[in-house]
Trainee: 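Questions regarding the structure given below will be posed in turn.
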Amino acid sequence: MTSSDGERLAPVTYLFGTQPGGERAENAGHSPSNESSPAALPTYASTFGSETLETDDAQQAEAIEPPVREERAPKRERFEPIENVSMYALARRGMSSREMHDYLVGRDFEADAVVAEIERLERVQLLDDAALAETLVRTLRERKGLGRSALNAELRRRKLDGIAIEGSMASAGDDELERATEIAIKRAPQLRSLDQETAKRRLGAFLMRKGYGGSVVSAAVSAALAPSGSRNSGGPVFR
């Protein structure tokens, strides 16, 4: 195709279902400008820009996009099996029986299923409050230097069984003074820029926050800050 000036123009392509004059073809299945088009084209519901091709057959449209149903899957099908959930939780950290119970209930498992799962885990010793309490006492003393009262508070926070707590705490106070004194001696050099009274007050507060009792704290502070009582070479020097 050329213009009146002799310039060559690009061929014009028309949208399916329209005539060169811009009017819509009477029959969307045939194009007057192209007699070789298929005699019958499917008229599925679809959208092109602002134009919509209407469907001739409601069943065809439904086959393409089934109507939305309000029905929901049964409650149990929307959750993983309870065994998977409990094992995943235990893989991340040790848990007490009560912690596991609350964890599973919080994920909408039925009460009977939760009780059965707790019993199963206890039977195979994947839940063991006594063993967990002993492990917590040992690690919290070694890593954080916690005293008796802080240990007891932590075990209760973890919802451990009362008997398990008593058993694990039975030996927790045997070396309380020795452990508190060791911690105080390590801490004392950080207080060397303070006067004696301020250093005693700061060190005592530090030990009490770790859960040591008053008498233990007093003895440990005195041992750590006494001029000749420090176990560190040279000892702390106070103004």
Side-chain angles (χ1 to χ4, degrees), residues 86 89-106 118-119 121-239:
S86 64
L90 288 172
R92 290 182 294 172
R93 67 161 186 152
M95 300 177 73
S96 66
S97 293
R98 186 66 190 180
E99 282 181 319
M100 179 61 75
H101 176 275
D102 294 349
Y103 178 83
L104 295 176
V105 168
I118 297 296
E119 291 177 350
L121 293 172
E122 290 178 339
R123 187 166 56 251
V124 297
Q125 297 184 333
L126 290 175
L127 287 179
D128 188 335
D129 277 17
L132 178 60
E134 292 178 1
T135 299
L136 288 173
V137 167
R138 182 175 64 256
T139 56
L140 290 173
R141 290 175 71 189
E142 293 176 356
R143 297 179 184 178
K144 295 188 176 182
L146 298 188
R148 186 179 183 84
S149 62
L151 289 171
N152 187 69
E154 179 62 16
L155 296 181
R156 293 188 182 282
R157 187 187 70 80
R158 295 293 303 272
K159 302 178 182 179
L160 285 154
D161 177 74
I163 296 177
I165 293 177
E166 291 180 7
S168 64
M169 294 295 295
S171 59
D174 292 349
D175 58 350
E176 190 90 338
L177 177 57
E178 181 180 352
R179 190 170 297 274
T181 302
E182 182 179 347
I183 293 172
I185 289 172
K186 290 181 180 179
R187 181 75 171 181
Q190 301 178 32
L191 308 174
R192 66 175 70 247
S193 62
L194 304 174
D195 61 80
Q196 185 81 357
E197 290 304 315
T198 303
K200 285 183 178 181
R201 186 171 65 253
R202 296 275 184 88
L203 187 54
F206 174 75
L207 292 174
M208 292 187 73
R209 286 195 300 271
K210 285 190 171 292
Y212 293 96
S215 59
V216 171
V217 169
S218 179
V221 169
S222 297
L225 299 182
S228 59
S230 175
R231 298 177 189 177
N232 291 335
S233 115
V237 177
F238 298 96
R239 295 187 289 107

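One-based numbering along the sequence shown.
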Trainee: Would you say the side chain of Arg201 lies within less than 4.5 Å of the side chain of Leu194, judging by non-hydrogen atoms?
Mentor: no
Trainee: Any idea which heavy atoms bring Ala223 and Thr181 closest together, and the distance?
Mentor: CB-CG2, 3.9 Å
Trainee: Salt bridge (Lys or Arg N to Asp or Glu O under 4.0 Å) for Glu182 and Arg179? Distances and angles first, verdict last.
Mentor: CA-CA 5 Å; Glu182 182 179 347; Arg179 190 170 297 274; 5.7 Å; no
Trainee: So, does Asp129 use its side chain to make a donor-acceptor pair with the main chain of Ala164 at under 3.5 Å?
Mentor: no
Trainee: So with a 6.0 Å cut-off around CZ of Arg202, is the heavy-atom count from everything else above 12?
Mentor: no
Trainee: Say you draw a straight line from CG of Leu121 to CG of Asp128; how long is it, rounded to the nearest 0.5 Å?
Mentor: 11.5 Å
Trainee: In Å and rounded to the nearest 0.5 Å, what is the CZ to CD1 distance from Arg98 to Ile118?
Mentor: 9.5 Å
Trainee: Side-chain donor-acceptor contacts of residues 211-218 below 3.5 Å, not counting sequence neighbours, with atom names and distances?
Mentor:
from   : atom 1 : to     : atom 2 : distance (Å)
Tyr212 : OH     : Gly145 : O      : 2.8

Trainee: State, yes or no, whether a side-chain contact exists between Leu127 and Leu132 at a heavy-atom distance under 4.5 Å.
Mentor: no
Trainee: Minimum heavy-atom separation for Leu207 and Ala180, please, with both atom names.
Mentor: CD2-O, 3.9 Å
Trainee: Assess whether atom CD1 of Ile163 is packed by more than 12 heavy atoms of other residues, nucleotides or ligands within 6.0 Å.
Mentor: no
Trainee: Out of Leu160, Leu146, Ile165, which residue meets the side-chain contact (heavy atoms from CB on, under 4.5 Å) rule with Leu136?
Mentor: Leu160
Trainee: Answer yes or no: is there a side-chain heavy-atom contact under 4.5 Å between Arg141 and Asp175?
Mentor: yes
Trainee: Can you tell me how far the CZ atom of Phe206 sits from the CZ atom of Arg187, to the nearest 0.5 Å?
Mentor: 4.5 Å
Trainee: I'd like to know if the side chain of Lys210 and the backbone of Lys144 have a donor-acceptor N/O pair within less than 3.5 Å.
Mentor: yes
Trainee: Under a 3.5 Å distance rule, please check whether Arg148 uses its side chain to pair with a backbone N or O of Met169 as donor and acceptor.
Mentor: yes
Trainee: What do the steps show when you test Leu155 against Ser168 for side-chain contact (heavy atoms from CB on, under 4.5 Å), and what is the final call?
Mentor: CA-CA 9 Å; Leu155 296 181; Ser168 64; 3.4 Å; yes
Trainee: Calculate, to the nearest 0.5 Å, the distance between atoms OG and CG belonging to Ser86 and Leu104 respectively.
Mentor: 6.0 Å
Trainee: Please identify each residue that fulfils salt bridge (Lys or Arg N to Asp or Glu O under 4.0 Å) with Arg123, with sequence neighbours left out.
Mentor: none
Trainee: Nearest 0.5 Å, what's the OG-CZ distance between Ser96 and Arg156?
Mentor: 13.0 Å
Trainee: Evaluate the side-chain contact (heavy atoms from CB on, under 4.5 Å) criterion for residues Thr135 and Arg138: first the C-alpha distance (whole Å), next the side-chain angles of each, then the deciding distance (0.1 Å), finally the verdict.
Mentor: CA-CA 5 Å; Thr135 299; Arg138 182 175 64 256; 3.9 Å; yes
Trainee: Quick check on Arg143: does its CZ atom have over 12 non-hydrogen neighbours (other residues, nucleotides or ligands) under 6.0 Å away?
Mentor: no
Trainee: Run the salt bridge (Lys or Arg N to Asp or Glu O under 4.0 Å) check on Arg93 and Glu99 step by step: do they pass?
Mentor: CA-CA 11 Å; Arg93 67 161 186 152; Glu99 282 181 319; 3.3 Å; yes
